[in-house]
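Quick notes on the structure that follows.
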Amino acid sequence: QVQLVESGGGLVQPGGSLRLSCAATSTIFSGNNMGWYRQTPGKERELIAGVHKRSLTMYYDESVKGRFTISRDNGKNTVYLQMNSLKPEDTAVYYCNTWPASKTYWGKGTLVTVST
């Protein structure tokens with residue numbers, strides 16, 4: 001069964017940190033660039049970070065550059081997103097997928113809420 005399972009979200013105060021994880025089946029993960037996406041109500045899902053299949057290059061949206069770090073463990077079929085200096089505007093549901101995204105593979109996402 002092809003799956004993407006995101007975890008690690010939660011409630012955090014502004015300035016805090018969270019680490020998201022995404023476990024993928026090898027069908028999705030192996031040989032593909034992977035990305036983290038987020039979506040807020042009323043807006044389209046957007047790519048915020050991407051990592052090359054062998055971690056040779058990374059992409060960051062300007063809104064998260066310098067605060068978020070994407071990484072992957074090819075031995076565990078897992079991609080991570082370390083989020084530091086979180087802001088209220090980072091509140092969203094976070095998803096992982098291939099990069100570019102496959103319409104077939106979306107998981108349920110993990111909710112990140114940044115609030116006092």
> Hey, what do you get for OG1 (T116) to CG (L11), rounding to the nearest 0.5 Å?
Replying inline: 9.0 Å
> Is it true that M58 and V64 fall in one hydrophobic cluster, defined by side-chain heavy atoms closer than 4.5 Å?
Replying inline: yes
>> Quick check: do V112 and L20 have side-chain heavy atoms less than 4.5 Å from each other?
In response: yes
>> How long is the straight-line distance from CZ of R19 back to CE of M83, given to the nearest 0.5 Å?
In response: 11.5 Å
> Would you say L111 and L18 are hydrophobically clustered, going by side-chain heavy atoms of ILVMFWY under 4.5 Å?
Replying inline: no
>> Contact between R67 and D90 at the side-chain level, heavy atoms closer than 4.5 Å - yes or no?
In response: yes
>> Looking at every non-hydrogen atom in both residues, tell me the closest pair between W99 and G35 and how far apart they are.
In response: CB-N, 3.8 Å
>> Hydrophobic clustering (ILVMFWY, side-chain heavy atoms < 4.5 Å, transitive) - are Y59 and F68 grouped together?
In response: no
>> Can you tell me how far apart CG (N33) and CZ (R54) are? Round to the nearest 0.5 Å.
In response: 10.0 Å
> Between W106 and K103, what is the shortest heavy-atom contact and its length?
Replying inline: CD1-O, 3.8 Å
> Of the non-hydrogen atoms in L81 and A49, which two are nearest, and what is the gap between them?
Replying inline: CD1-CB, 4.1 Å
>> Return the CD1 to CD1 distance between I48 and I70, rounded to the nearest 0.5 Å.
In response: 8.0 Å
> Which atoms form the tightest heavy-atom contact between A23 and T78, and what is the distance?
Replying inline: CA-OG1, 4.1 Å
> For the residue pair Y94 and W36, is the inter-centroid distance of their aromatic rings smaller than 6.0 Å?
Replying inline: no
> Do S63 and R38 come within less than 4.5 Å of each other through their side chains, counting heavy atoms only?
Replying inline: yes
> Is L86 linked to V93 within one hydrophobic cluster, defined over Ile, Leu, Val, Met, Phe, Trp and Tyr using a side-chain heavy-atom separation of less than 4.5 Å?
Replying inline: no
> For M34 and I28, which heavy atoms make the closest approach, and how far apart are they?
Replying inline: SD-O, 4.3 Å
> Are any of the side-chain nitrogens in E6 or K108 under 4.0 Å away from the carboxylate oxygens of its partner?
Replying inline: no
> Counting only heavy atoms not in E89, do more than 12 sit closer than 6.0 Å to its CD atom?
Replying inline: yes
>> How long is the straight-line distance from OH of Y60 back to CG of L47, given to the nearest 0.5 Å?
In response: 11.5 Å
>> Name the residue from L4, N32, T25 that meets the side-chain contact (heavy atoms from CB on, under 4.5 Å) definition with Y105.
In response: L4
>> I want to check something: taking the side chain as every heavy atom from C-beta on, are R72 and N74 in contact at a cut-off of under 4.5 Å?
In response: yes
> Side chains of V12 and S17: closer than 4.5 Å at any heavy-atom pair?
Replying inline: no
>> With a 4.5 Å cut-off on side-chain heavy atoms, are S71 and S55 touching?
In response: no
>> Is there a continuous path of hydrophobic side-chain contacts, each under 4.5 Å between heavy atoms, that joins Y37 to V79?
In response: no
